[in-house]
Amino acid sequence: MMTRVRFAPSPTGLLHVGNVRTALFNWLVAKKQRGSFILRVEDTDRERSESRFEEQLIDDLRWLGLDWDEGIGKGGAFGPYRQTERFELYQRFARQLLAEGRAYYCFCTPEQLEADRRAQQAAGGPIHYSGRCRTVDPDEACRRVEGGEAATIRLRIRPGSVHQHDLVFGDIVVETSEIGDFVLLRSDGSAQYNFACVIDDALMRISHVIRGEGHLSNTPRQLLLYESLGWEPPAYAHLSTILGPDGTKLSKRHGATSIAEFREAGYLPEALLNYLSLLGWSPTEEKGEILTREQIIEDFDLGRVQLSPATFDFDKLNWVNRTHLRELSSQALLSLALPYLIDARVLPATAVSSAQSAWAERLLVLSANYVDKLSDLTRVIPEILGFAPDCDLKNPESAAILAQPTAVEVITAFREALPTDDRPLTFDDYRDAVLGVKERTGIKGKLLFHPIRVAVTGRSSGPELDRLIPLIEEGSRLGLPFPLIGVRDRVDAAIRAIGESGDEEEE
RNA sequence: GGCCCCAUCGUCUAGAGGACUAGGACGCCGGCCUCUCACGCCGGUAACACGGGUUCGAAUCCCGUUGGGGCUACCA
């Protein structure tokens with residue numbers, strides 16, 4: 001049998017990492033079995049569903065690379081794929097069940113139902129529909145409905161038990177006495193979730209229903225529906241919930257949880273997917289945990305999915321992202337980082353010259369080791385390139401280095417050793433200057449390099465100087481929006497600043 | 001309340017009765033590399049929720065307790 005799986009989100013909010021993990025596992029099964037992945041939108045809750053969420057959802061899925069073979073935005077032989085467009089279908093099958101006596105009209109008012117629940121609660125047994133309208137004569141019920149009386153349609157639950165087999169949770173048996181005659185069609189004619197879901201899954205020939213654990217208890221209801229309809233149910237696999245760091249269900253208050261936020265923060269889609277694949281599933285050990293989509297597909301197995309809920313860990317996600325980031329070529333990195341570079345005013349918003357982009361590519365190679373995600377660039381790059389002698393030199397680490405007895409001597413000698421003409425310093429210029437200082441002063445190692453670093457960058461730490469200095473030099477002549485001053489000016493400013501603060505101390 | 005599901009280092013997990021002195025990864029700590037930070041490499045820390053069984057033998061099977069989660073809607 002052809003493997004057909006589906007992802008069926010409700011467009012009632014932004015796509016969430018928990019939903020994406022469900023989508024991912026469906027997608028993995030489809031890819032692995034060379035089956036079809038179907039995108040269906042469950043928008044029967046008209047109050048909360050919005051078309052902008054549907055658009056965003058499609059956008060997010062595309063960005064993630066979770067491509068679907070059939071469904072919204074794609075078409076297919078089993079459409080429509082939006083539940084609000086499938087109303088007649090639900091009506092038809094509800095009428096069929098009604099005609100067969102497997103379902104019945106219910107005229108109970110919300111007040112009555114509420115009173116029933118309260119009474120059952122007090123009695124201490126299961127709380128569900130009392131079955132009051134079960135025995136209403138069908139002909140009379142039809143007359144009342146035709147007369148305009150509001151009615152829902154409920155499924156008549158048979159006695160006995162329901163056996164469900166779950167691909168991850170195993171076998172579960174539930175007594176139908178625990179299940180009330182639930183609503184199929186609401187009084188406004190719209191389909192209730194379980195009903196729409198079953199009709200759609202069956203009609204769309206879904207072979208495996210892979211969804212969140214929250215639906216585990218809905219499954220017996222759906223199985224009963226398949227039984228009433230005389231249809232063969234699909235295979236089921238339920239996925240445990242993703243929790244926030246405090247052990248409660250992951251939600252907005254745990255920080256970024258929507259895909260849109262992760263995208264904006266500069267996480268790589270392949271990294272996010274890789275991390276999500278590790279929640280509740282584990283690859284065969286030898287390959288490690290950093291995997292490409294293809295490797296995950298190859299290795300994936302629903303049978304090895306964890307039953308207990310997993311906690312979302314931003315630290316590990318960051319590690320996965322960092323690792324994927326490092327595997328990118330510098331060109332790929334540049335094209336992905338461009339918006340962030342523009343945002344940090346490192347590059348102009350328009351008309352980036354080829355010299356500027358070649359320079360930016362080298363800058364990114366130096367910066368990449370300092371970021372977890374691309375948006376970190378907007379903080380890290382100004383730290384690397386920025387130079388404000390007045391305040392930078394006063395920070396404790398820099399000040400400590402400048403306080404070394406030989407610091408001023410090294411800096412002055414370094415300045416004098418720099419070529420006197422105006423051309424940009426190259427790596428060789430820098431190396432020769434350092435060698436010159438070393439020879440003249442006899443100072444080496446930390447005592448030599450630290451003061452130079454502080455004089456050039458204002459900071460006690462950062463990327464290797466022999467790569468940073470040529471980069472600063474070239475950058476300073478590129479007409480960038482970022483105020484990048486050349487190395488000679490930096491050292492001059494540093495010497496001035498040291499002199500002034502020295503004067504102050506003498507006063 | 002009733003029913004269902006879950007339970008291994010702080011976190012993600014390996015583990016399907018003896019190969020477990022419980023393995024890996026993130027984090028954390030330490031070392032190496034190095035002008036510095038970061039990267040990288042090497043090492044270390046740390047767990048079978050609890051109580052009963054079953055068995056020659058239990059992380060693994062059974063029961064209970066505790067703790068989490070879900071369903072019990074004219075939400076999905």
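Lettering of chains follows the sequences in order, A, B, ..., and the numbering in each one begins at 1.
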Could you state the [atom1]-[atom2] distance from [X] to [N], rounded to the nearest angstrom?
X: A:Asp171; N: B:C4; atom1: CG; atom2: C1'; answer: 14 Å
X: A:Glu175; N: B:C3; atom1: CD; atom2: P; answer: 11 Å
X: A:Asp315; N: B:C26; atom1: CG; atom2: P; answer: 12 Å
X: A:Ile290; N: B:G24; atom1: CD1; atom2: C1'; answer: 13 Å
X: A:Leu307; N: B:U8; atom1: CG; atom2: P; answer: 11 Å
X: A:Gln306; N: B:C5; atom1: CD; atom2: C1'; answer: 14 Å
X: A:Phe312; N: B:U13; atom1: CZ; atom2: C1'; answer: 16 Å
X: A:Leu223; N: B:C4; atom1: CG; atom2: C1'; answer: 14 Å

By ring-ring contact (aromatic ring centres under 6.0 Å, His included) - contacts of [X] (at least two apart):
X: A:Tyr90; result: none
X: A:Tyr430; result: none
X: A:Trp281; result: A:Phe300
X: A:Phe7; result: none

Taking [M] as the reference, what is the distance to [N] when you measure between their [atom1] atoms (whole Å, please)?
N: B:G27; M: B:A7; atom1: C1'; answer: 22 Å
N: B:C33; M: B:C41; atom1: C1'; answer: 8 Å
N: B:U11; M: B:G68; atom1: P; answer: 15 Å
N: B:G18; M: B:C26; atom1: P; answer: 29 Å
N: B:G40; M: B:U34; atom1: C1'; answer: 11 Å
N: B:A59; M: B:C48; atom1: C1'; answer: 5 Å
N: B:G70; M: B:A76; atom1: C1'; answer: 13 Å
N: B:A25; M: B:C61; atom1: P; answer: 26 Å

At under 4.0 Å between heavy atoms, how does the protein contact nucleotides 68-76 of chain B? Give one character per nucleotide, 5' to 3', with B, S or -. -SBSSSBBB

At under 4.0 Å between heavy atoms, which parts of nucleotides 28-46 of chain B does protein reach? Answer with one letter per nucleotide, 5' to 3': B base, S sugar-phosphate only, - none. -------BBBBSS------

Choosing from B:U13, B:A7, B:G10, which nucleotide comes nearest the side chain of A:Asp313?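 Nucleotide nearest to A:Asp313's side chain: B:G10.
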
Which pairs count as salt bridge (Lys or Arg N to Asp or Glu O under 4.0 Å) when at least one residue sits in [range], sequence neighbours excluded?
range: residues 191-200 of chain A; answer: A:Arg40-A:Asp200, A:Arg86-A:Asp200
range: residues 165-190 of chain A; answer: A:Arg134-A:Asp181
range: residues 361-373 of chain A; answer: A:Arg322-A:Asp372, A:Arg362-A:Glu474, A:Lys373-A:Asp376

Against A:Asn274, only a single residue in A:Leu24, A:Ile290, A:Thr292 fulfils side-chain contact (heavy atoms from CB on, under 4.5 Å); can you say which?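 Going through A:Leu24, A:Ile290, A:Thr292 one by one, the side-chain contact (heavy atoms from CB on, under 4.5 Å) with A:Asn274 is satisfied by A:Ile290 alone.
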
Distance to the ring centre below 6.0 angstrom and angle to the axis at most 45 degrees; does that hold for A:Arg95 and A:Phe93?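 Verdict for A:Phe93: no cation-pi partner in A:Arg95.
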
Cationic tip of A:Arg144 within the cone over A:Tyr105's six-membered ring, i.e. under 6.0 Å and within 45° of the normal?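 Verdict for A:Tyr105: no cation-pi partner in A:Arg144.
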
Does [N] pair with anything, Watson-Crick or G-U wobble, both distances under 3.5 Å, and if so, with which nucleotide?
N: B:C29; answer: B:G43
N: B:C50; answer: B:G64
N: B:A73; answer: none
N: B:G18; answer: B:C56

Please list, by residue number, the residues of residues 271-282 of chain A whose heavy atoms come closer than 4.0 Å to an atom of RNA chain B; answer none if no residue qualifies.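 The answer is A:Leu278, A:Leu279, A:Gly280, A:Ser282.
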
Is the closest basic N to carboxylate O distance between A:Glu227 and A:Arg158 below 4.0 Å?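 Yes, this pair counts.
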
Among pairs that include at least one residue of residues 432-448 of chain A, which meet side chain to side chain donor-acceptor pair (under 3.5 Å), considering only residues two or more places apart or in two chains?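 Passing the test, one end in residues 432-448 of chain A: A:Glu416-A:Arg440.
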
Can you list every ring pair (Phe, Tyr, Trp, His ring centres under 6.0 Å) pair that touches residues 164-199 of chain A, not counting sequence neighbours?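 Every ring pair (Phe, Tyr, Trp, His ring centres under 6.0 Å) pair that includes a residue of residues 164-199 of chain A, provided the two are not neighbours, is A:Tyr193-A:His215.
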
